[in-house]
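Presented below is the structure to which this report refers.
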Amino acid sequence: MSAQLTVHNSLTRQKEIFKPINEGAIGMYVCGPTVYSDVHLGNCRTFVSFDVIYRYLLHLGYKVRYVRNITDVGHLEGDADTGAEDKISKKARLEQIEPMEVVQKYMNGFHDMMAVFNTKKPSIEPRATGHIVEQIEMVQEIIDNGYAYEKNGSVYFDTVKLAGEGDKYGKLSGRIIEDLLVETRDLKNQDEKRHPSDFAIWIKAAPEHIMRWNSPWSVGFPGWHLECSAMSTKYLGTNFDIHGGGNDLKFPHHENEIAQNYGSCNCEPANYWLHTNMLLMNGKKMSKSVDPETGISNSIAPEELFTGDNPNISKGYSPMVVRFFMLQSHYRSTLDLTDAALAAAEKGYRRLMEGNKILQALAPSKNSTAGDLDKEVNDLIQSANDDMNDDFNAPKAMARLFELVSKINGLKDGHLSIDQITATTIEKLKATFNTFIFEIFGLKDDTLSSGGNGEFETLDGLMQMVIKIRQSARQNKDWGTADTIRDTLKELKIQLKDGKEGTAWSKE
RNA sequence: GGUCGGGUGGCCGAGUGGCUAGGCUCAGGUCUGCAAAACCUGCUACCGCGGUUCGAGUCCGCGUCCGACCUCCA
């Protein structure tokens, strides 16, 4: 716990004090999606995790250039050899449309989903096809430096040469070249490679391959790993602060990225590598294959999660509930998505939002003194900040907020005395909640009618009228009318809460 | 087989040497016309076996189970 930001660096496998290259500014590159199909829910978790990291860095006052690419060429099915097919190309062939149509369609869908999850847009979102020139230049540099060789129009990275120069190849993933040799299966066109662990950085296009560009070596297309090296270098420089991505990208993608950067400029791209862990469902990896016993597949699309139209869940959950659910675990831990866990998250999310509403309406006492409670509250606020500094420990910071919610409810209930908290502390608490919930965690309060244009005011006015009518019925002991009003509202998913100081309402 | 990471109370999930995580569920209570909400109280766990230590979910060793990557998958 300290005021200093520490991050877990995958490269060294330990927490390190974060020091940006240029004071006050941060360059961050995160591997974006390959847009050949609808966005995967696990992918959403990764980007929500990095969204919180991005938001927190901004909150700390850093100027952040956040680069997240769109992979629209080069990601192959199968090994990166000429026998395999580009994912985008394949989809275009199957759907009989232009590759760029495939890309546009799924990129739009991806952007929509990112908006639904309330993630901030990156500063730059470069596309691989828009940087073919840069990639060809990088291939040439790597060849010139002797780290790559051309064979039959394709260019391969010489992993053996790099591995011979210390720990430069395999450092991130903990792999050594001898192991790679043993593990590698029978691959097509292996004879073009000098070593099985070598990987393609330029691939000669097969006749049926639609996406192709001219290059000094052949009409072809860049290897998948190359785009991230080229684009991160272009927008963040040869050495930048943070590189992130899903855990599963560590090898081969990120390892090869590092290799390419060494090969082209003998420099290590990022100082800190951050990797998010996987999202599981019912304790297992999500998989579209159907279980022969149950007849259902262990997978769910984001839309299905919202609508509830999936056998793995009992009802739909709002995007903010899902985001809250994701925030309750650390980004480096696996997260198990189950119906029960989502239901729990939904309740917790509402408790947090309700707590904040009560807090914001809280009036400080005029004759208050800083008692024990004042200190407790200040300590909890400090802890929440410290937790975020400790490798972005959002779940722990969240726990601190819930402890504060407990205090807030106590104040509302009269169980705790507001005289024990100074007006300054109340103001600080209000600001802290708004900052954490909306700015850092990126949640939105969807328990309110969020239509804007005074829609909420209208609804609230109506509700106050209904509550008044019910109140007079209650005073006349007309329980039938009072309960009819309550039950009817419940059907409309509006809950009435009878308290000591009158009745409040909220949307479920 | 190799590499990496895990096994925490009914469920989810923090926590790296001694101090209540938190959310949800469940049980009892306060309040309430009844209910809900809110509040209070209770349920006090750390895969197994060794070891280090005054003291270990927390460090070390072995075993065991699970997941990821190595092969398309975030």
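Every chain is numbered from 1, with letters handed out A, B, ... down the list of sequences.
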What is the distance, to the nearest angstrom, from the [atom1] atom on [X] to the [atom2] atom on [N]?
| X | N | atom1 | atom2 | value |
| --- | --- | --- | --- | --- |
| Leu362(A) | A38(B) | CG | C1' | 14 Å |
| Trp505(A) | A35(B) | CH2 | P | 25 Å |
| Asn247(A) | A68(B) | CG | C1' | 6 Å |
| Gln382(A) | A21(B) | CD | C1' | 18 Å |
| Glu403(A) | G23(B) | CD | P | 8 Å |
| Leu404(A) | C39(B) | CG | P | 13 Å |
| Leu352(A) | A21(B) | CG | P | 21 Å |
| Tyr106(A) | A74(B) | OH | P | 13 Å |

Does [X] pair with [Y] as a salt bridge, N-O distance under 4.0 Å?
| X | Y | value |
| --- | --- | --- |
| Asp51(A) | Arg55(A) | yes |
| Asp390(A) | Lys396(A) | no |
| Glu403(A) | Lys407(A) | no |
| Glu491(A) | Arg486(A) | no |
| Arg350(A) | Glu346(A) | yes |
| Asp391(A) | Lys15(A) | no |

Parallel under 30°, tilted from 30 to 60°, perpendicular over 60°: which one fits the rings of Trp273(A) and His254(A)?
->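 Geometry flag for His254(A) against Trp273(A): tilted rings.
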Phe325(A) vs Lys15(A), nearer the 5' end of RNA chain B by closest nucleotide =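 Comparing both residues, the 5'-ward one is Phe325(A).
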Let me know, please, whether Trp479(A) or Ser329(A) comes out on the 5' side of the other along RNA chain B by nearest nucleotide.
->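 Here Ser329(A) is the residue nearer the 5' end.
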Under a 3.5 Å cut-off for both contacts, is [N] paired Watson-Crick or G-U wobble with anything, and if yes, with which nucleotide?
| N | value |
| --- | --- |
| C59(B) | G51(B) |
| C24(B) | G10(B) |
| U3(B) | A68(B) |
| C46(B) | none |
| C31(B) | none |

Rounded to whole angstrom, note down the [atom1] distance from [N] over to [M].
| N | M | atom1 | answer |
| --- | --- | --- | --- |
| G9(B) | G42(B) | C1' | 14 Å |
| C65(B) | A27(B) | C1' | 33 Å |
| U44(B) | G10(B) | P | 9 Å |
| C73(B) | A37(B) | P | 46 Å |
| C43(B) | C26(B) | C1' | 8 Å |
| A74(B) | C69(B) | P | 10 Å |
| C19(B) | C24(B) | C1' | 25 Å |

Could a donor-acceptor pair under 3.5 angstrom be found where the side chain of [X] meets the base of [N]?
| X | N | value |
| --- | --- | --- |
| Arg486(A) | A35(B) | yes |
| Asp483(A) | G33(B) | yes |
| Lys285(A) | C73(B) | yes |

Determine whether the side chains of Glu16(A) and Asn9(A) contain a donor N or O and an acceptor N or O closer than 3.5 Å.
->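 Per modelled atom types, Glu16(A) and Asn9(A) side chains form a pair under 3.5 Å.
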Where Phe47(A) and Met114(A) come nearest, the two heavy atoms and their spacing =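 Looking at all heavy atoms of both residues, the shortest contact is CB-SD, 3.7 Å.
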How does protein contact run along nucleotides 24-29 of chain B, one letter per nucleotide 5' to 3', with B for base contact, S for sugar-phosphate only, - for none, heavy atoms under 4.0 Å?
-> SS----
[N], OP1 or OP2 - any side-chain N/O from [X] closer than 4.0 Å?
| X | N | result |
| --- | --- | --- |
| Tyr331(A) | G13(B) | no |
| Asn393(A) | G15(B) | yes |
| Ser333(A) | A14(B) | yes |
| Lys250(A) | G5(B) | no |

With a 4.0 Å cut-off on heavy atoms, is Leu279(A) in touch with a base, just the backbone sugar-phosphate, or nothing at all?
->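 Base, at least one base atom sits under 4.0 Å.
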